[in-house]
Protein chains: 2
Amino acid sequence: MVTRQPTIESPAVEVQELLRTLFGRQRRRFLIAAAELDLHPAQAGTLLQLSSPLPMNELASRLGCDNSNVTGLIDRLEARKVVTRQPESHDRRIKLVVLTAAGHRLRRELLDRLRQPLDDLAGLSEAEQRQLRDLLRRALPDEPAH
Amino acid sequence: MVTRQPTIESPAVEVQELLRTLFGRQRRRFLIAAAELDLHPAQAGTLLQLSSPLPMNELASRLGCDNSNVTGLIDRLEARKVVTRQPESHDRRIKLVVLTAAGHRLRRELLDRLRQPLDDLAGLSEAEQRQLRDLLRRALPDEPAH
DNA sequence: TATTGTTATACTCTATAACTATA
DNA sequence: TATAGTTATAGAGTATAACAATA
């Protein structure tokens, strides 16, 4: 029988390992969800950003890529009729990317599939969930998720 | 002064939000680290898998892509002299992908940059880290990270 | 003059299918 | 016959640079 040594590892190292597991699982879920909806990961990421209309500009910034990439990305989403380009009255250089009704449905579909990972936490009691929340809050300095 | 309402949200929802923050941060760190080392994300992911030599085959499976992709991926890493293809004596169909010395250095460089996120946890006391570890262990059913 | 978005170009990733060499 | 890896092909993402329209 294998006796599991009480590890010498610092808890931080073990936490790191557990988080890596969680990250990996989440990433795989994202890729699978995107593929199931016939979305390239970049397209799925774009959709997730569109909780409200955004200028191409801002989209590029959030996706961490060049403006020129967004053109092609939105071209293809537009061809699929899940987004449209709308003019911004205040500044005619700007085009707002807006979800169509089909786009909203697709985004919802995607979000539904991504919510699953949190079922991981369903095994914890309410008290434990509160404990976990408080620890994460303390660990994470304030900063928007984006 | 803003009095923070004790939220009605279930703790699970808040945990979800905090984890999303953590995921997003980690993802951005990965992309930045890869770019800084002049690696395409897929190449960086490949490097991370190579803690020990692997058949092209196995690499494709771990990266969740087709065998044919790995050929090009390894071609470019080999051109950069960070990996080599070595024959497997037992089965001459198999080629093992092995890190070169430069490859090990590059992988270490990448890992060093990815370790940062854990500094997020440095603000927690040892006892809090243990608590966090135990909660995550309970939340995560046993399953390899991969 | 600076900014928003597009186009052109070149490189990489990705899936599919057809091929080879081994087993 | 099945498997490991390659090649060919086509579609998509990405960065860079040059450009038009607008500010």
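Hydrogens, waters and symmetry mates are skipped; everything else that's a heavy atom, side chains included, is used.
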Only pairs under 3.5 Å count here: list side-chain donor-acceptor contacts from residues 35-45 of chain B, not counting sequence neighbours, and write none if there are none.
{"from": "B/Glu36", "atom 1": "OE1", "to": "B/Arg113", "atom 2": "NH1", "distance (Å)": "2.3"}
{"from": "B/His40", "atom 1": "ND1", "to": "B/Ala42", "atom 2": "N", "distance (Å)": "3.1"}
{"from": "B/Gln43", "atom 1": "OE1", "to": "B/His40", "atom 2": "N", "distance (Å)": "3.1"}

Around atom CZ of B/Arg27, are there more than 12 heavy atoms from other residues, nucleotides or ligands closer than 6.0 Å? no
Partners meeting salt bridge (Lys or Arg N to Asp or Glu O under 4.0 Å) with A/Arg105 (sequence neighbours left out): none
Atom pair distance, as rounded to whole Å: CG in B/Asp66 and P in D/dG11: 18 Å
Within one Ile-Leu-Val-Met-Phe-Trp-Tyr cluster: B/Ile94 and B/Met56, side-chain cutoff 4.5 Å: no
What is the separation between atom CG on A/Leu63 and atom C1' on D/dA12, rounded to the nearest whole Å? 15 Å
D/dA8 C1' sits how many Å from B/Asn69 CG, rounded? 13 Å
Among all residues two or more places apart in sequence or in another chain, which pass the salt bridge (Lys or Arg N to Asp or Glu O under 4.0 Å) test with B/Arg130? B/Glu126
Near-strand residues of residues 73-86 of chain B, defined as heavy-atom separation under 4.0 angstrom from DNA chain D: B/Arg85
Find out whether B/Leu96 and B/Leu54 are in side-chain contact, i.e. whether some heavy atom of one side chain is under 4.5 Å from a heavy atom of the other. no
Look at all strands and tell whether B/Asn57 reaches a base, only sugar-phosphate, or nothing, counting heavy atoms closer than 4.0 Å. sugar-phosphate
Excluding sequence neighbours, so at least two apart, what forms salt bridge (Lys or Arg N to Asp or Glu O under 4.0 Å) with B/Arg76? none
Using a 4.0 Å cut-off to any heavy atom of chain B, which nucleotides of DNA chain C are the first and last in contact, reading 5' to 3'? C/dT12 to C/dA23
So if you build clusters from Ile, Leu, Val, Met, Phe, Trp, Tyr with side-chain heavy-atom gaps below 4.5 Å, do B/Val98 and B/Leu59 land together? no
With sequence neighbours left out, the residues meeting side-chain hydrogen bond (donor to acceptor under 3.5 Å, both in side chains) with B/Glu78 are B/Arg85
Could I get the full list of salt bridge (Lys or Arg N to Asp or Glu O under 4.0 Å) partners for B/Glu88, not counting sequence neighbours? none
Are B/Leu110 and B/Ile32 connected in the hydrophobic side-chain network, where two residues link if heavy atoms are under 4.5 Å apart? no
My understanding is that only residues two or more places apart in sequence, or in another chain, count here; which of them pass side-chain hydrogen bond (donor to acceptor under 3.5 Å, both in side chains) with A/Asp91? A/Arg93
Can you check the B/Ile94 CD1 to D/dT6 P distance for me, whole Å? 12 Å
Grab the N/O contacts between the protein and nucleotides 18-23 of chain D below 3.5 Å, and write none if there aren't any.
{"from": "D/dA23", "atom 1": "OP1", "to": "A/Arg92", "atom 2": "N", "distance (Å)": "2.9"}

Going by side chain to side chain contact (heavy atoms under 4.5 Å, CB included), name the residues that satisfy it together with B/Ser52, two or more places apart in sequence or in a different chain. none
Without decimals, in angstroms, what is the distance between B/Glu88 CD and D/dT3 P? 18 Å
Can you give me the bend angle of the helix from C/dT1-D/dA23 to C/dA23-D/dT1? Use the axis through the first five pairs and the one through the last five, nearest 10 degrees. 0°
